[in-house]
Each structure stands twice: as structure tokens, then as C-alpha cells.
Amino acid sequence: QVQLVESGGGLVQAGGSLRLSCAASGRTFSSYAMGWFRQAPGKEREFVATIGWSGGPTSYTDSVKGRFTISRDNAKNTMYLQMSDLKPEDTAVYFCAAGSYGTSLRRYTYWGQGTQVTVSS
């Protein structure tokens, strides 16, 4: 069992940066691949980035490549999403998830409650 808690969301102007954190409970954090997903109002939840259990490999959706960086610190049971050059279309609730490496929501078993990111133009 893994419990996930996101933090770091907020309101930022376009072009700004935020770092999201995902703190995990349980001793098995390092055995899971981790992912970030987001859901904008009226839209389906979508893949953002994923990272393997050891810190690699990583994969990103095309719209965030070069702007977002996913990382993890297994000693701290924490995953991060560094977001830079934020755009209004990045506005969404961001969720972290633990499971098997991949871009599909179905590959992830455990989910956090989400953190709101709002980017103003």
C-alpha cells in the first residue's frame, strides 16, 4: 500500500515556474514507477510525465518537453515535477501516481488527491 500526497501547486504568471512534490508513505516507494497526470476543467485526465523506479527512464508528453522535468529521491520517498515557462494551458489539477512505467492511467495503482496549478496570462 502506498499513500501519495502532492504539494507545491499555486497561482503563477505565464512564463513562471513551480515545483510540485509528491510525498509517499510506505517502504515500497522505490519499487514503483511514478507518474504525473493532470486534469483541466471539463477534460479527461491526461499523462504528463513518468519516471522509472531507479530514476530512469523518463518520458514526457510532447506539450511539456523541454519545460518540465520529472525526478525522484527514493531516500526521501518523494517525486518532483519542476515546471518552467508555464503557459495558461498548463492550468489543471496535477496528480501523482505510483504503479508500472508507462503513459496510460491504467498502469498506475495508487493516486494522490491532486494539487491545483493555475497559470495566468
Side-chain angles (χ1 to χ4, degrees):
Q1 189 80 7
V2 176
Q3 293 184 323
L4 305 173
V5 178
E6 303 94 337
S7 62
L11 173 64
V12 63
Q13 289 187 332
S17 299
L18 282 175
R19 188 176 80 156
L20 304 184
S21 298
C22 174
S25 65
R27 294 175 291 178
T28 59
F29 172 78
S30 60
S31 64
Y32 291 99
M34 299 293 295
W36 286 100
F37 293 78
R38 65 187 180 186
Q39 188 167 17
K43 295 188 176 181
E44 295 185 349
R45 193 171 299 189
E46 65 174 5
F47 166 75
V48 176
T50 183
I51 187 167
W53 66 270
S54 63
T58 59
S59 180
Y60 299 88
T61 193
D62 286 346
S63 63
V64 309
K65 285 180 181 177
R67 301 188 298 121
F68 291 10
T69 302
I70 189 171
S71 62
R72 66 190 294 166
D73 185 339
N74 287 343
K76 295 182 178 181
N77 279 10
T78 304
M79 174 181 65
Y80 305 97
L81 186 68
Q82 178 67 48
M83 306 185 294
S84 59
D85 190 23
L86 282 160
K87 307 176 186 298
E89 51 264 41
D90 295 318
T91 295
V93 178
Y94 284 71
F95 298 88
C96 68
S100 300
Y101 185 82
T103 63
S104 170
L105 279 73
R106 291 188 294 272
R107 298 189 69 84
Y108 295 85
T109 304
Y110 303 104
W111 292 83
Q113 83 290 347
T115 186
Q116 176 71 47
V117 172
T118 303
V119 184
S120 63
S121 58

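Any value given below was found using the heavy atoms of this structure, including those in side chains, with hydrogens, waters and symmetry copies removed.
- We find the CG-CD distance between L4 and Q113 to be 9.0 Å, quoted to the nearest 0.5 Å.
- Tracing side-chain contacts under 4.5 Å through hydrophobic residues (I, L, V, M, F, W, Y), one never reaches M34 starting from Y80; they form parts of separate clusters.
- The two atoms that bring N74 and S54 nearest to each other are ND2-CA, 4.5 Å, heavy atoms only.
- Between the side chain of T91 and the backbone N or O of V119 there is at least one donor-acceptor pair closer than 3.5 Å.
- The minimum heavy-atom distance between S121 and P88, with the atom names listed, is CB-CG, 3.9 Å.
- I51 and L81 fall within the same hydrophobic cluster, where Ile, Leu, Val, Met, Phe, Trp and Tyr residues are linked whenever their side-chain heavy atoms come under 4.5 Å apart, directly or through other members.
- Annotation: side chain of Y32 is not in contact with side chain of T109 (no heavy-atom distance under 4.5 Å).
- Side-chain polar atoms of T50 and Y108 form a donor-acceptor pair below 3.5 angstrom.
- Nearest heavy atom pair, residue C96 against residue M79, reads CB-CE, 3.5 Å.
- Residues A92 and A40 approach most closely at CB-N, 3.8 Å, considering heavy atoms.
- Following chains of ILVMFWY side-chain contacts shorter than 4.5 Å, one cannot reach W36 starting from V93, and the two form parts of different hydrophobic clusters.
- Atom-to-atom distance recorded for E44:CD and Q39:CD is 8.5 Å, nearest 0.5 angstrom.
- Here the rule is side chain to side chain contact (heavy atoms under 4.5 Å, CB included) with F68, and of V48, D85, T61 only V48 fits it.
- The hydrophobic cluster containing Y110 also contains L20, counting ILVMFWY residues as joined when their side-chain heavy atoms lie under 4.5 angstrom apart, directly or transitively.
- Cation-pi check for R107 over F47 is not met; the charged atom does not lie both under 6.0 angstrom from the ring centroid and within 45 degrees of its normal.
- A pairwise comparison of heavy atoms in P57 and Y101 identifies O-CE1, 3.5 Å as the closest pair.
- Contact annotation: the side chain of M83 never approaches that of R67 to less than 4.5 Å [non-hydrogen atoms, C-beta and beyond].
- Contact check on K87 versus D90 returns no salt bridge, with no Lys/Arg side-chain nitrogen under 4.0 Å from an Asp/Glu carboxylate oxygen.
- Neither F29 nor F37 shares a network with the other; the hydrophobic side chains, linked directly or stepwise wherever heavy atoms of I, L, V, M, F, W or Y lie under 4.5 Å apart, form separate groups for each.
- In this structure, the side chain of E6 engages the main chain of G114 through a donor-acceptor pair within 3.5 Å.
- Here the closest heavy-atom approach between residue S21 and residue T78 is recorded as CB-CG2, 4.3 Å.
- Note on ring orientation: taking the six-membered ring where Trp is involved, the planes of W111 and F95 are perpendicular (angle over 60°, cut-offs 30° and 60°).
- The local environment of CD in E46 is crowded, with over 12 non-hydrogen atoms from other residues, nucleotides or ligands closer than 6.0 Å.
- Rounded to the nearest 0.5 Å, atoms OG (S30) and CH2 (W53) are 7.5 Å apart.
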